2 protein chains.
Amino acid sequence: MAKTPQHGAASTTRRDAQGTRLRLLDAASGLFAERGYERATVRDIADRAGVNQALLFRYFGSKKALFGEVMARGGHEQLRTTPAERLFEVALRGMLAGGREGADRSLEVCLRSIGGSDEIAGALRGLGEEYAAVLATLSESDTGTLRGDLALSWLLGIGLMRVVVGKEPLVSADPDTVCRLVVGALGGLLEGLPQAGEAGDGGGADGRDGPARG
Amino acid sequence: MAKTPQHGAASTTRRDAQGTRLRLLDAASGLFAERGYERATVRDIADRAGVNQALLFRYFGSKKALFGEVMARGGHEQLRTTPAERLFEVALRGMLAGGREGADRSLEVCLRSIGGSDEIAGALRGLGEEYAAVLATLSESDTGTLRGDLALSWLLGIGLMRVVVGKEPLVSADPDTVCRLVVGALGGLLEGLPQAGEAGDGGGADGRDGPARG
DNA sequence: CCCTTGTGTAAGCACCTGCTTACAAAAGGT
DNA sequence: ACCTTTTGTAAGCAGGTGCTTACACAAGGG
């Protein structure tokens, strides 16, 4: 079924170029998240997509451009759909959930790609700007942007230790516990940040993983 | 001067092999800190040391072994000479100082080398274990080790944003301000952490120093 | 039918990587 | 002098990288 072109939608594709493009995009997204930019080779990406690597260059031009499309694709949904005061916890929980399905792996991709090249650092800076800008709105201090940067730093640092370094006991720690500790400590930095579990959660032995979606 | 062997100390070296070894070690330390493990090639390291790359392999065996010696050389001085309750601030200030002379760049090297290989992540994990273990002694909670991990995560995250990503305004921010904000917020996590500027700095110009304590 | 256009593939290129080998030159002992 | 050991170098190897080129199918139009 993956090979049969579905001309039901449009007859513009004769052998489903759009589908191949999408498969390449998906394969790249996964491999970038698993290995980072440098260690994910174009051959591996094409292999996972089940096509020849030459198609990758025909459709995207270069590996870097493919990386750009991957980052741009599902990257900012979380940023747009999450209210500011929930953003930190949602992003943190997304990071703690690891490679779960449907989660936004942009931050994970960035973390694993850091050493790759200066352009990758630039991409991370771009994404960071947006996150930090939103987080900065949670403080009315004149050092608000700096506080936003520091909050984002913690978010990335935790992801770093969990996803890349694999430090115990952080990796196996209960996401709720981590959230409570971090958000609690951040309350001193960002006054607009609602304390974790403040709303309806008793704060004791909590096992639920459903973050309140604003 | 660099070429004249100094046989004053010991006549075991005829053309100053020890000196060359040291120059290689210095060059590697600098390049690893600037570019990370992967992007610092053995040719660049040998070039900066002013010798042929073959000597690198004669003296160290492999690039990875050289990396190990670099990490082991000045890596743990800070860890041994700094009391636990001062470690976080000292490490943070070292990170904020950037590539200043004499500073311990081990964490910086780790940050820039993350994506490189699994062994590098292992090295970072090893160094992290030591830092986190010390930081964990600052909390008497049963989640002490987790809190140590979280503190270290923040430290690395800030380094990440400053050194690798180059996020503004964090890069240009006053180290004292950053220290006060971070250490202040961490007070809720690690009870044994002395608040920054408590002794002589009459802060409080921009923000409350007393965060909500757990 | 041929011919054009879009989709896919195999093979190769130029370059870079860590690492090795063969060889030259300095010191020192005898 | 001669020879050995140590220190240094130039050239090369095997493997991997991003990327390109030349070519094989599948459609549709004339």
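A note on names: the letters A, B, ... follow the listed sequences, proteins ahead of strands, and every chain is numbered from 1. Since the model is a prediction, treat every value here as computed from it, not as a measurement.
Out of C:dG18, C:dG8, C:dT20, the shortest distance to the side chain of B:Val42 is found at C:dG18. Here the side chain of B:Ala54 is nearest to one of C:dT21, C:dC19, D:dT7, namely C:dT21. The nucleotide whose nearest atom lies closest to any side-chain atom of A:Arg58 is, among D:dT9, C:dG8, C:dT9, C:dG8. Considering only the side chain of A:Thr41, D:dT17 comes nearest among D:dG8, D:dC19, D:dT17.
Taking 4.0 Å as the cut-off between side-chain N and carboxylate O, B:Arg125 and B:Glu129 do not count as a salt-bridged pair. Taking 4.0 Å as the cut-off between side-chain N and carboxylate O, A:Glu69 and A:Arg21 count as a salt-bridged pair.
For B:Phe60 and C:dT20, the CZ to C1' distance is 18 Å, given to the nearest whole Å. Atom CG of B:Asn52 and atom P of C:dA26 are 16 Å apart (whole Å). If you take CZ of B:Phe57 and C1' of D:dT9, they are 15 Å apart, rounded to a whole angstrom. Here C:dA25 presents its P atom at 16 Å from CG of B:Leu55, a figure rounded to the nearest Å. Going from atom CZ of A:Arg39 over to atom P of D:dT17 covers 11 Å, rounded to whole Å. A straight line from CG of A:Asp16 to C1' of C:dT5 spans 17 Å, rounded to a whole angstrom. Here C:dG8 presents its P atom at 15 Å from CG of A:Asp47, a figure rounded to the nearest Å. Nucleotide C:dC19 holds its C1' atom 13 Å from the CD1 atom of B:Ile45, rounded to whole Å.
Regarding contacts with the backbone of C:dG8, a side-chain N or O of A:Thr20 is found under 4.0 angstrom from either OP1 or OP2.
Sequence order on DNA chain C of the closest nucleotides to A:Gln53 and B:Asp44 puts A:Gln53 first from the 5' end.
A cation-pi arrangement, defined by a distance under 6.0 Å to the six-membered ring centre and an angle within 45 degrees of its axis, is present between A:Lys63 and A:Tyr37.
Within 3.5 Å, a donor on the side chain of A:Arg43 pairs with an acceptor on the base of D:dG18, or the reverse.
Heavy atoms of B:Tyr59 sit under 4.0 angstrom from primed sugar atoms or phosphate atoms, though from no base atom.
In this structure, a donor-acceptor pair under 3.5 Å is absent between the side chains of A:Arg86 and A:Thr82.
Residue pairs satisfying the salt bridge (Lys or Arg N to Asp or Glu O under 4.0 Å) criterion with at least one member in residues 25-35 of chain A, sequence neighbours excluded, are listed as follows: A:Asp26-A:Arg73, A:Glu34-A:Arg48, A:Arg35-A:Asp44.
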